[in-house]
Chemist: 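The structure's right below; bear with me while I get my questions together.
Residues take their numbers from the sequence shown, with the count starting at 1. Whatever order the structure lists them in is the order used to number ligands and atoms, beginning at 1.
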Amino acid sequence: MEDELLGLKNEASTALAAVENKSGLEDFRVKYLGRKGLFSAVMRKLGQVSKEDRPRIGKLANQIKKDLESDFSAQLAALDSQTLTTQMTGIDSTLPGRHVPFGKLHPVSQIMDEVCGIFEGLGFAVAEGPDVETDFYNFEALNIPPHHPARDMHDTFYVDDKVLLRTHTSPMQARIMEKERPPLRVIAPGKVYRCDSDITHTPMFHQVEGFLVDRKISFADLKGVLSVFVAKMFDSKTPIRFRPSFFPFTEPSAEIDIGCVICHGKGCRVCKHTGWLEILGAGLIDPEVFHRVGYDSEEFSGFAFGLGIERIAMLKYGINDIRLYYENDLRFLTQF
Ligand code: FA5
């Protein structure tokens with residue numbers, strides 16, 4: 001039986017070396033190592049071996065089976081790697097992978113986040129209010145009674161006699177002040193709507209309202225806060241000027257201009273050759289607004305400002321037509 005085992009081992013080794021593919025390997029496994037294979041057939045004869053020789057022959061048989069199984073596994077691995085190499089032929093593994101496109105924030109949202117971040121850094125809390133507003137908060141609480149000429153400037157979308165799409169974020173001044181007592185330091189970002197459309201105006205745009213109410217607040221505080229904002233948003237060397245203006249809810253009122261970021265004051269089409277660009281409206285809160293929310297205007301004073309986000313985004317990125325922000329052209333939007 002020993003000779004038979006050794007003969008089978010030699011035969012199987014030669015057969016394994018001649019295997020060229022996986023189906024040949026499977027045939028080998030069935031023929032030599034399978035339950036009904038040649039090796040099992042020889043092992044069945046072990047019972048006929050004498051008692052003295054059986055342990056030695058059994059050990060030899062086990063060793064031969066182990067060797068054949070390990071040679072079989074090695075041949076299987078070699079064939080697998082050969083198959084992979086064949087499949088990879090013609091593939092350039094140095095080519096870059098497929099690009100998976102991913103979205104990012106709209107440029108107006110990016111500027112909105114940056115503006116809010118600056119005021120939050122100065123200690124302002126963020127509040128949000130409704131886009132669909134009442135005539136009372138949008139106008140009357142802000143000292144703009146019916147038939148006041150200032151209403152004409154707002155080109156309002158009315159829902160009905162008393163309800164409208166807010167034309168500015170200033171209603172948030174009244175909404176917050178009637179609920180809370182000073183000291184207050186709040187910004188209110190959001191969408192606003194006006195029936196208006198040209199290269200510097202869209203029917204929907206974004207504003208950030210800011211207001212601060214406390215004792216002994218003066219115009220110098222307003223100047224300080226807005227100067228810090230301009231320095232952080234643009235450049236610390238950007239010139240800033242306060243130009244007298246009028247809003248029914250602030251007194252005195254001002255519009256704030258910065259030196260033109262396109263021509264740096266030399267004069268160009270964007271700044272209409274003045275060297276200056278308006279970025280926001282502001283002023284000290286009118287005592288009439290305080291009376292409507294029950295604050296004593298002898299005790300408290302405050303300032304408020306409202307800036308247009310699209311305007312800031314246009315200046316920051318040097319864009320001369322506001323409508324580009326809302327045409328959803330990815331060639332434009334992916335640049336930011
Ligand atoms: C106001 O809306 C006042 N509520 C601002 C204010 C707040 C003054 C607090 C005093 C105290 P005004 O109408 O000027 O002001 O608008 C403010 C900014 O909104 C403008 O400077 C401009 O940047 C932007 N803006 C106005 N209309 C449009 C529009 N149709 N499209 C895009 N931006 C606009």
Side-chain angles (χ1 to χ4, degrees), residues 107-108 111-112 115 119 124 127 129 133 137-139 141-144 148-157 164-177 184 186-213 217 219 221-223 225-226 229-230 233 240 242-258 261 270-271 276-290 301-316 319-326:
V108 170
I111 294 291
M112 179 64 107
V115 168
F119 286 111
F124 284 76
E133 188 52 282
Y137 286 111
N138 199 79
F139 291 127
L142 294 167
N143 200 24
I144 314 177
H148 190 289
R151 289 194 177 212
D152 286 351
M153 288 158 58
H154 283 241
D155 302 311
T156 313
F157 289 112
L164 44 83
L165 297 183
R166 66 178 175 186
T167 56
H168 53 171
T169 43
S170 299
M172 287 302 287
Q173 290 183 34
R175 281 187 174 273
I176 303 271
M177 285 195 266
L184 287 177
V186 180
I187 53 166
K191 291 187 169 74
V192 300
Y193 307 83
R194 292 183 197 179
C195 188
D196 212 353
S197 182
D198 59 37
I199 64 163
T200 52
H201 297 85
T202 45
M204 184 285 298
F205 60 102
H206 295 77
Q207 284 189 341
V208 171
E209 190 78 8
F211 53 97
L212 186 150
V213 185
I217 297 299
F219 209 90
D221 298 303
L222 171 65
K223 260 185 116 169
V225 166
L226 293 180
F229 166 70
V230 169
M233 193 71 207
I240 176 169
F242 287 69
R243 191 165 32 78
S245 184
F246 173 79
F247 297 102
F249 37 95
T250 48
E251 180 58 36
S253 303
E255 278 176 314
I256 284 77
D257 301 335
I258 60 168
V261 289
V270 175
C271 63
W276 294 94
L277 293 162
E278 179 216 315
I279 57 162
L280 56 88
L284 290 186
I285 298 172
D286 195 294
E288 202 49 49
V289 174
F290 281 156
S301 54
F303 64 72
F305 57 86
L307 52 88
I309 291 294
E310 283 78 357
R311 172 66 60 88
I312 304 270
M314 287 171 80
L315 298 179
K316 186 112 180 173
I319 305 296
N320 58 12
D321 188 338
I322 192 172
R323 292 168 296 196
L324 284 168
Y325 286 119
Y326 295 113

Chemist: Counting only N and O atoms by type, is there a donor-acceptor contact under 3.5 Å from the side chain of His154 to the main-chain atoms of Thr156?
Modeler: no
Chemist: Can you name the residues that form a side chain to side chain contact (heavy atoms under 4.5 Å, CB included) with Ala282, not counting sequence neighbours?
Modeler: Leu222, Leu226, Ile256, Leu280, Phe305
Chemist: Dump the pairs for me: ligand 1 N or O, protein N or O, distance under 3.5 Å, to 0.1 Å.
Modeler:
| from | atom 1 | to | atom 2 | distance (Å) |
| --- | --- | --- | --- | --- |
| ligand 1 | 2 (O) | Arg194 | NH2 | 2.9 |
| ligand 1 | 2 (O) | Gln207 | NE2 | 3.1 |
| ligand 1 | 4 (N) | His168 | ND1 | 2.9 |
| ligand 1 | 4 (N) | Ser170 | OG | 2.8 |
| ligand 1 | 13 (O) | Arg194 | NH1 | 2.9 |
| ligand 1 | 13 (O) | Arg194 | NH2 | 3.1 |
| ligand 1 | 16 (O) | Gln207 | NE2 | 3.4 |
| ligand 1 | 19 (O) | Gln207 | NE2 | 3.3 |
| ligand 1 | 21 (O) | Glu278 | OE2 | 2.8 |
| ligand 1 | 30 (N) | Thr202 | O | 3.2 |
| ligand 1 | 31 (N) | Thr202 | N | 3.1 |

Chemist: Quick one: CD on Gln207 to CD on Glu310, what's the gap to the nearest 0.5 Å?
Modeler: 9.0 Å
Chemist: Could you pull out all residues at least two apart from Ile217 that satisfy side chain to side chain contact (heavy atoms under 4.5 Å, CB included)?
Modeler: Leu212, Asp214, Asp221, Ser301, Phe303
Chemist: Before giving the answer on side-chain contact (heavy atoms from CB on, under 4.5 Å), spell out for Arg166 and Tyr137 the whole-Å C-alpha distance, their side-chain angles and the decisive distance to 0.1 Å.
Modeler: CA-CA 9 Å; Arg166 66 178 175 186; Tyr137 286 111; over 6 Å; no
Chemist: For Glu251, enumerate each residue passing the side chain to side chain contact (heavy atoms under 4.5 Å, CB included) test, keeping only those at least two apart in sequence or located in another chain.
Modeler: Asp286
